[in-house]
Amino acid sequence: GRQDFTVINKTGVEIYALYVTPHNADEWGEDILGADTLAANDELDISFSRKEKAKWWDLRVEDSEGAFIEWESLNLLEISEVTLYYKNGKATAIVK
């Protein structure tokens, strides 16, 4: 789909859960990683159905203890890569 993108984990910690949901959704849905994890410095390609129409998406990651970070209103029609960072207690993302 047109919303396909790559997540790059530069947070320094292993990600145990990753959720991507339309911005207007009430729930996060299923963990994209399932039983897998996304190690620090690894990346994951996320693909959407060609039928998907939503433009704005939210992203949530969780660590092994369930602590989470969320990014809202990502325009996945214009973004092909999201690099996640966590430094000095602050989460940031760089999008391309």
Side-chain angles (χ1 to χ4, degrees):
R2 293 177 47 217
Q3 297 88 347
D4 293 358
F5 72 106
T6 301
V7 173
I8 302 169
N9 180 10
K10 295 289 186 179
T11 63
V13 299
E14 191 169 10
I15 294 173
Y16 280 75
L18 190 150
Y19 303 90
V20 180
T21 190
H23 180 65
N24 61 356
D26 294 329
E27 297 181 4
W28 282 102
E30 292 187 31
D31 172 14
I32 291 174
L33 299 176
D36 294 331
T37 62
L38 184 61
N41 298 314
D42 276 0
E43 59 184 60
L44 175 69
D45 294 327
I46 298 176
S47 300
F48 291 81
S49 165
R50 291 186 181 270
K51 296 177 185 176
E52 183 57 63
K53 301 287 186 215
K55 176 179 182 178
W56 299 101
W57 293 78
D58 297 341
L59 174 76
R60 175 182 173 123
V61 296
E62 296 180 4
D63 67 12
S64 62
E65 298 175 4
F68 64 89
I69 304 169
E70 297 175 358
W71 289 267
E72 294 184 351
S73 301
L74 300 172
N75 180 350
L76 294 185
L77 295 179
E78 296 180 358
I79 294 171
S80 62
E81 186 176 282
V82 178
T83 305
L84 307 177
Y85 294 93
Y86 188 78
K87 187 173 183 181
N88 298 327
K90 181 173 177 162
T92 58
I94 296 177
V95 298
K96 293 182 183 180

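Scope of the values below: all heavy atoms of this structure, side chains included, with no hydrogens, waters or symmetry mates.
- In terms of hydrophobic clustering, with Ile, Leu, Val, Met, Phe, Trp and Tyr side chains grouped at heavy-atom distances under 4.5 Å, Leu84 and Val95 are assigned to a common cluster.
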Checking Phe5 against Leu74 for the side chain to side chain contact (heavy atoms under 4.5 Å, CB included) test, could you report, in this order, the C-alpha distance in whole Å, the side-chain angles of both residues, the deciding distance, and whether it holds?
CA-CA 11 Å; Phe5 72 106; Leu74 300 172; 5.8 Å; no

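- Evaluation of the salt bridge (charged side-chain N to carboxylate O under 4.0 Å, His left out) test over residues 60-89, restricted to residues two or more places apart or in two chains, returns Arg60-Glu62, Arg60-Glu70, Glu81-Lys96.
- Here the closest heavy-atom approach between residue Ala40 and residue Gly12 is recorded as CB-C, 3.9 Å.
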Under 3.5 Å, which donor-acceptor pairs do the side chains of residues 26-34 form with other protein atoms, sequence neighbours left out?
| unit_1 | atom_1 | unit_2 | atom_2 | d |
| --- | --- | --- | --- | --- |
| Asp31 | OD1 | Leu18 | N | 2.9 |
| Asp31 | OD1 | Leu33 | N | 2.9 |

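- In terms of hydrophobic clustering, with Ile, Leu, Val, Met, Phe, Trp and Tyr side chains grouped at heavy-atom distances under 4.5 Å, Tyr19 and Ile69 are assigned to different clusters.
- The side chain to side chain contact (heavy atoms under 4.5 Å, CB included) test applied to Val13 returns Thr11, not counting sequence neighbours.
- For residues 49-59, the set of pairs meeting the salt bridge (charged side-chain N to carboxylate O under 4.0 Å, His left out) definition, not counting sequence neighbours, is empty.
- Contact record, Ala17 with Ile15: O-CG2, 3.1 Å, taken as the closest heavy-atom pair.
- Atom OG1 of Thr83 sits about 8.5 Å away from atom CD of Glu43, to the nearest 0.5 Å.
- Every pair passing ring-ring contact (aromatic ring centres under 6.0 Å, His included) that includes a residue from residues 54-96 is listed here, sequence neighbours excluded: Phe48-Trp57.
- With sequence neighbours excluded, no residue forms a side chain to side chain donor-acceptor pair (under 3.5 Å) with Thr92.
- Judged by distance alone, the side chain of Asn9 and the main-chain N or O of Ala39 form a donor-acceptor pair under 3.5 Å.
- Here Glu14 pairs with Tyr16, Thr37 under the side chain to side chain donor-acceptor pair (under 3.5 Å) rule; sequence neighbours left out.
- Under the 4.5 Å side-chain contact rule for hydrophobic residues, Leu44 and Val20 share a cluster.
- Between atom CD1 of residue Ile79 and atom CG of residue Asp4 there is a gap of 13.0 Å, rounded to the nearest 0.5 Å.
- Scanning for side chain to side chain donor-acceptor pair (under 3.5 Å) contacts around Thr6 gives Asp45, with sequence neighbours left out.
- Taking OG of Ser73 as the start and CG of Leu59 as the end, the distance is 12.0 Å to the nearest 0.5 Å.
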